[in-house]
Structures are given as structure tokens and as C-alpha cells.
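Presented below is the structure to which this report refers.
Not measured: the values here are computed from a predicted model.
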Amino acid sequence: MIMSVPYKTYLEESQLPKAWYNLRADMKTDHRPILNPATLQPVTVDDLSHVFCTKLAEQELNNTDRYIEIPEPVRDFYRMYRPSPLVRAYFLEQALDTPAKIYYKYEGGNTSGSHKLNSAIAQAYYAKEQGLKGVTTETGAGQWGTALAMACGFFGLDLRVYMVKCSAQQKPYRKAVMETYGANVIASPSDTTEVGRKMLAEYPDSTGSLGTAISEAVEDATTHEGYRYVLGSVLNQVLLHQSVIGLEAKAAMDMLDEYPDTVIGCAGGGSNLGGLMCAYMADKLKGKSAPKFIAVEPASCPSLTRGKFAYDFCDTGKVTPLAKMYTLGSGFIPSSNHAGGLRYHGMSPILSQLYHDGYIDEARAVEQTKVFEAAKLFAKVEGTLPAPESSHAIRVAIDEALRCKETGEKKTILFGLTGTGYFDMAAYMAYNAGTMSDYVPTDEDLARGLKNLPKID
Ligand SMILES: *Cc1c(COP(=O)(O)O)cnc(C)c1O
């Protein structure tokens with residue numbers, strides 16, 4: 001029998017916040033400073049300003065201002081695709097036959113197909129405001145590069161994207177979208193930087209890595225007048241911009257008189273989860289009752305569940321500052337059969353600290369075949385083809401809802417649907433063909449990466 005269920009999204013202009021929320025202002029912990037790797041002294045705004053736009057460097061180190069006003073031109077841009085929909089997943093609830101209520105905040109409704117645009121547009125705005133010519137960045141799967149291409153196209157900034165070579169070859173359409181918005185996409189390792197040339201001389205057939213691409217983009221920015229480097233996750237400034245997700249989600253949930261029991265997000269560098277959970281984490285930090293927070297990561301790149309909370313470099317080339325975070329070691333590269341994104345070796349320092357202090361209740365690692373199983377069910381019943389990254393959160397939302405079915409608990413679950421999966425069809429094809437496999441690194445594999453962590457307390 002086909003049953004009728006109401007499909008409804010909840011969004012109103014009034015949910016779009018006027019200010020971003022800086023979670024760090026409410027964290028009762030000593031924020032471990034970002035260190036200059038040469039001196040091991042805390043970096044200053046001045047240090048960071050050589051790499052980042054000055055306003056962004058200030059935001060990076062700001063742990064006192066609770067709210068930071070969203071510049072009006074950024075809010076105007078947000079209005080083109082925000083507030084993003086909060087959706088009650090009635091069809092999924094029905095398919096699971098669960099007493100739980102499931103909501104998701106959908107960030108895929110823009111051309112870049114992910115939440116990354118929320119920070120890209122802010123970063124491009126500050127670069128423009130500073131009078132820069134352009135910015136450089138790296139991209140792995142391509143979502144960040146696409147979002148930044150849109151943002152730079154909008155503000156008329158030059159953009160050079162170092163795209164991990166194998167990804168550039170596997171995802172020609174991602175590259176085409178970036179170029180359509182005016183970006184210059186360079187396959188990494190490239191011969192345009194010192195780091196790239198060195199890499200090519202040593203490994204002529206290298207298909208690249210995110211770490212190398214970061215090193216190239218940083219070198220490019222710091223050796224060209226009028227350019228700065230920008231990054232799409234991990235950093236405090238990115239979590240700040242992504243707070244727009246959580247502030248909107250809470251406003252929409254409040255309208256419905258709902259308060260989630262569980263908040264779930266996938267965690268690569270930590271920016272979408274940091275953004276989604278921030279408004280509810282504020283309650284927890286104030287000692288009020290709050291949801292259970294679950295971070296979901298791939299079993300093949302398990303920084304929170306099996307990494308170390310330690311100072312580490314943010315890139316493989318060891319040119320970036322040191323941050324205290326959960327890490328697998330800056331040389332860690334996930335197994336080549338890993339198709340589902342979320343392949344960064346570290347985790348946002350904010351998320352890392354919250355997890356370390358017990359404010360994030362749980363981190364769960366899931367295997368990719370289970371992730372794609374959840375993705376496929378979700379696509380069928382909820383209509384949206386999810387990104388593999390987002391599907392990590394879907395997996396755990398489903399598992400939690402199924403647990404409610406066993407116990408009869410009527411929990412309210414909120415998860416982040418961070419994006420769409422149109423450019424991930426090679427991974428879906430592998431899953432559909434039954435050739436996708438799972439890989440869980442052994443303790444010895446991980447020990448190798450952790451052995452080379454810088455020795456700093
Ligand atoms: C980049 C990305 C992620 C992971 O990044 P976070 O910084 O952890 O949020 C998740 N989902 C999508 C769709 C992405 O593009």
C-alpha cells in the first residue's frame with residue numbers, strides 16, 4: 001500500500017542570521033594556540049597576514065567575540081540560496097518504520113552542491129575588501145574549488161586552484177564548472193611551484209595528494225604580490241562562517257517547537273559539523289541540557305576515533321603552522337580504495353578540543369559500503385542523491401532511528417545533509433557493481449603516521 005505522508009521544508013527569511021556565532025567565546029578551555037613551526041611561538045595576526053587576508057587572520061585568532069557581524073554583501077549573496085531547507089524526513093521515517101523523528105538541514109541547493117559556499121563567499125569578500133588581486137587554494141574532491149570559483153567569480157577575483165591530479169582526471173566536469181566561473185585549475189603536482197617541481201622530479205608519475213596541493217597553493221600565494229591563500233575547512237574562521245547552518249537550523253526547529261535529542265554530522269575537517277551543532281553546543285557550554293552530538297568519520301581515515309590529540313602540521317609539505325588537533329599524522333593518506341571523501345589527516349582544532357573535553361559525546365567510524373547502502377536508501381525515499389561525505393551522517397542517523405525502533409524511544413534526530421553526489425558517480429558505480437570494498441587501517445598502519453608527529457606538548 002502506498003501511504004500519503006506530508007513533505008515539508010521549513011524556511012523563512014527571518015532565519016538567516018545577521019551575525020556568525022563564534023563558539024570559542026563560550027568554550028571554557030584554554031584554546032591551544034596555533035604555533036609558528038620555526039619558533040614554536042604562538043602565531044600572531046601579523047604572521048598569518050602574509051598567508052591569509054588580514055580580516056580572516058583576525059577571525060582565526062579571535063576567541064573572545066561571541067558574535068561577528070556578517071557583512072551585508074555576504075548576506076545578500078547568502079539570500080540567493082539561504083536559508084537552506086530544514087526537511088522533515090517523513091519518507092525515511094516511514095521506510096525505517098521508526099518512532100523517531102528525523103530532520104535534516106540540506107546544504108546542497110547551490111551550484112557548488114555543498115555547504116562550502118558559506119565560507120567561500122565570506123573569504124572572497126574579505127579578499128576583495130582588502131584590495132587583493134586574487135587567491136589560491138587546493139581542492140581534492142572539488143567541492144571547495146567549485147564553491148570558491150563561484151565566490152571569486154561573483155566578486156571579480158582571480159583564482160588559482162591546485163587540484164589533486166587524480167581527482168582532476170577523474171572529475172573533468174568539476175574542473176569545467178570551476179573554469180566556467182573563471183578559475184584557473186592546475187593539476188597538482190605542477191611545474192608552476194618549487195614544491196611541485198621537486199615532487200615531479202622525485203615522482204614523475206605522482207597522481208598527487210591533498211597535502212602536496214596545499215603546499216603548492218600556499219607557495220603560489222606567498223610568492224605573488226596581491227595574492228593570499230584560502231582554505232575550505234579545519235580552520236577556526238571556516239567554522240565561524242559555517243555557524244550560519246546551525247543558527248538557521250535552530251531558528252527553524254524553534255519555529256516547530258522542536259529540540260533535537262541527537263545531532264549528527266559527518267566530519268572531514270570538521271566545518272559542517274562545527275557549524276550545524278554550534279547553536280546547540282552553546283546550550284551545552286552554558287550547562288543547560290543539550291542534544292547528544294555524534295561526529296561520523298570514515299573507518300579508513302579515523303582521526304577522531306583512532307588518531308592522537310597532538311600538535312601537527314596542517315599539510316604534508318609541512319609549510320603550514322602547527323595546530324593542536326586529533327590527527328593521524330600529516331603524512332597519512334587514506335587507502336586508494338577509499339571513495340567517500342573526508343580524507344583529511346586532521347580535524348578542526350575546535351572540534352578536537354570539544355571532543356577531548358567530552359562536549360562532543362561520540363565519534364563513530366563507519367565503513368564505506370555501509371555508507372553507500374544508506375546513501376542509496378536515502379536517494380530512493382527522500383529524492384536527493386547525497387554526497388558520499390553526507391552519507392556518513394545519513395548512515396548514523398538511520399542507525400540511531402533503527403535503535404529507536406527497538407527501544408520504542410521517540411527521539412528527535414537532526415543531521416546535516418551537506419551536499420549532492422552528482423560528481424561522485426564513479427563511487428556509486430563501484431557500489432552498484434559490487435566492486436566497492438572496505439578498508440580499515442591496522443594499528444601498525446596508523447602507528448607509522450603517528451610516529452612522525454612533532455614532539456610538542
Ligand atoms: C567538504 C565536504 C564535507 C567535509 O568537510 P567538513 O569540513 O568536515 O564539513 C562534507 N560534505 C561535503 C558535501 C563536502 O563537500
Side-chain angles (χ1 to χ4, degrees), residues 9-27 59 65-70 74-75 78 81-88 102-110 114-119 121-122 232-256 258-286 288-296 347-348 350-351 353-355 359-361 389-390 393 396-397 412-419:
T9 64
Y10 305 93
L11 57 109
E12 279 188 11
E13 163 99 22
S14 63
Q15 291 160 8
L16 184 63
K18 294 200 163 58
W20 291 302
Y21 169 51
N22 183 11
L23 197 51
R24 276 176 305 158
D26 286 320
M27 284 168 67
Q59 290 180 358
D65 293 328
R66 184 167 287 121
Y67 290 100
I68 294 176
E69 198 182 324
I70 303 174
V74 174
R75 262 192 115 230
Y78 278 167
Y81 68 103
R82 310 202 68 84
S84 70
L86 178 82
V87 183
R88 169 88 184 263
I102 307 174
Y103 288 91
Y104 59 89
K105 179 77 167 156
Y106 177 49
E107 291 292 321
N110 65 77
S114 83
H115 65 288
K116 297 220 169 54
L117 190 56
N118 302 333
S119 184
I121 194 63
S233 184
V234 186
L235 299 175
N236 299 335
Q237 55 187 276
V238 181
L239 266 76
L240 174 73
H241 306 148
Q242 295 298 357
S243 68
V244 67
I245 305 173
L247 296 169
E248 282 182 11
K250 181 151 192 305
M253 293 291 274
D254 285 351
M255 252 174 55
L256 299 169
E258 288 277 26
Y259 194 91
D261 298 294
T262 312
V263 173
I264 301 166
C266 64
S271 72
N272 85 83
L273 176 58
L276 176 68
M277 73 180 185
C278 70
Y280 294 107
M281 186 56 84
D283 287 345
K284 189 154 196 170
L285 292 168
K286 286 174 197 144
K288 297 189 203 162
S289 66
K292 174 177 178 182
F293 299 102
I294 307 178
V296 192
M347 184 56 65
S348 141
I350 295 178
L351 244 62
Q353 190 72 53
L354 287 168
Y355 180 58
Y359 286 101
I360 291 176
D361 301 85
E389 292 90 341
S390 322
V396 169
T412 301
I413 296 168
L414 169 65
F415 76 88
L417 184 67
T418 51

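- Here Asp26 pairs with Arg66 under the salt bridge (Lys or Arg N to Asp or Glu O under 4.0 Å) rule; sequence neighbours left out.
- Proximity of the aromatic rings of Tyr280 and Tyr259 is defined here by a centroid distance below 6.0 angstrom, and this criterion is met.
- For Tyr78, the side-chain hydrogen bond (donor to acceptor under 3.5 Å, both in side chains) test picks out Trp20, with sequence neighbours left out.
- Heavy-atom minimum distance, Gln15 versus Pro83: OE1-CB, 3.9 Å.
- Between Leu351 and Leu239, the closest heavy-atom pair is CD1-CD2, 4.0 Å.
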Report task. Would you please test Leu273 and Gln242 for side-chain contact (heavy atoms from CB on, under 4.5 Å) and show each step? Result -> CA-CA 9 Å; Leu273 176 58; Gln242 295 298 357; over 6 Å; no

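- Counting heavy atoms from C-beta on, the side chains of Leu276 and Thr418 never come closer than 4.5 Å.
- The shortest non-hydrogen separation linking Arg75 to Leu16 is NH2-O, 3.0 Å.
- Looking at heavy atoms from C-beta onward, Leu354 lies in side-chain contact with Leu23 at the 4.5 angstrom threshold.
- Residues satisfying the side-chain contact (heavy atoms from CB on, under 4.5 Å) criterion with Tyr67, sequence neighbours excluded, are Ala19, Tyr21.
- Taking 4.5 Å as the limit, every side-chain heavy atom of Asn272 sits out of range of all side-chain heavy atoms of Glu107.
- Two residues are said to be in side-chain contact when any heavy atoms from C-beta on lie closer than 4.5 Å; Leu256 and Tyr103 meet this criterion.
- Taking every heavy atom of both residues into account, His241 and Ser119 meet most closely at ND1-OG, 2.9 Å.
- Taken to the nearest 0.5 Å, the OH atom of Tyr106 stands 6.5 Å off from the CG atom of Leu417.
- In this structure, Leu414 and Leu86 have side chains that are in contact, with non-hydrogen atoms separated by less than 4.5 Å.
- To the nearest 0.5 angstrom, Ile68 atom CD1 is 9.0 Å from Ser243 atom OG.
- Contacts classified as salt bridge (charged side-chain N to carboxylate O under 4.0 Å, His left out) and involving residues 270-280 (residues at least two apart or in different chains) are not found.
- To the nearest 0.5 angstrom, Met277 atom CE is 13.5 Å from Ile264 atom CD1.
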**Report entry** Pair Leu235-Gln59, side-chain contact (heavy atoms from CB on, under 4.5 Å): steps then yes or no
**Finding:** CA-CA 10 Å; Leu235 299 175; Gln59 290 180 358; over 6 Å; no

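- Remark: the backbone N or O of Leu240 is not paired with any side-chain donor or acceptor of Asn22 at under 3.5 angstrom.
- To the nearest 0.5 Å, atom CG of residue Asp65 and atom CZ of residue Arg24 are 10.0 Å apart.
- Considering all non-hydrogen atoms of both residues, Ala290 and Asp283 come closest at CB-CB, 4.4 Å.
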Would you give me the side-chain donor-acceptor pairs under 3.5 Å for residues 245-253, sequence neighbours excluded?
| residue | atom | partner | partner atom | Å |
| --- | --- | --- | --- | --- |
| Glu248 | OE1 | Arg82 | NH2 | 3.0 |
| Glu248 | OE1 | Ser84 | N | 3.0 |
| Glu248 | OE1 | Lys105 | NZ | 2.7 |
| Glu248 | OE2 | Arg82 | NE | 2.8 |
| Lys250 | NZ | Asp254 | OD2 | 3.3 |

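- Residues Lys284 and Asp361 are in side-chain contact: their nearest non-hydrogen atoms beyond the backbone lie under 4.5 Å apart.
- Considering only residues two or more places apart in sequence or on other chains, Ser271 meets the side-chain hydrogen bond (donor to acceptor under 3.5 Å, both in side chains) condition with His115.
- Across every non-hydrogen atom of Gly416 and Ala393, the tightest pair is O-CB, 3.8 Å.
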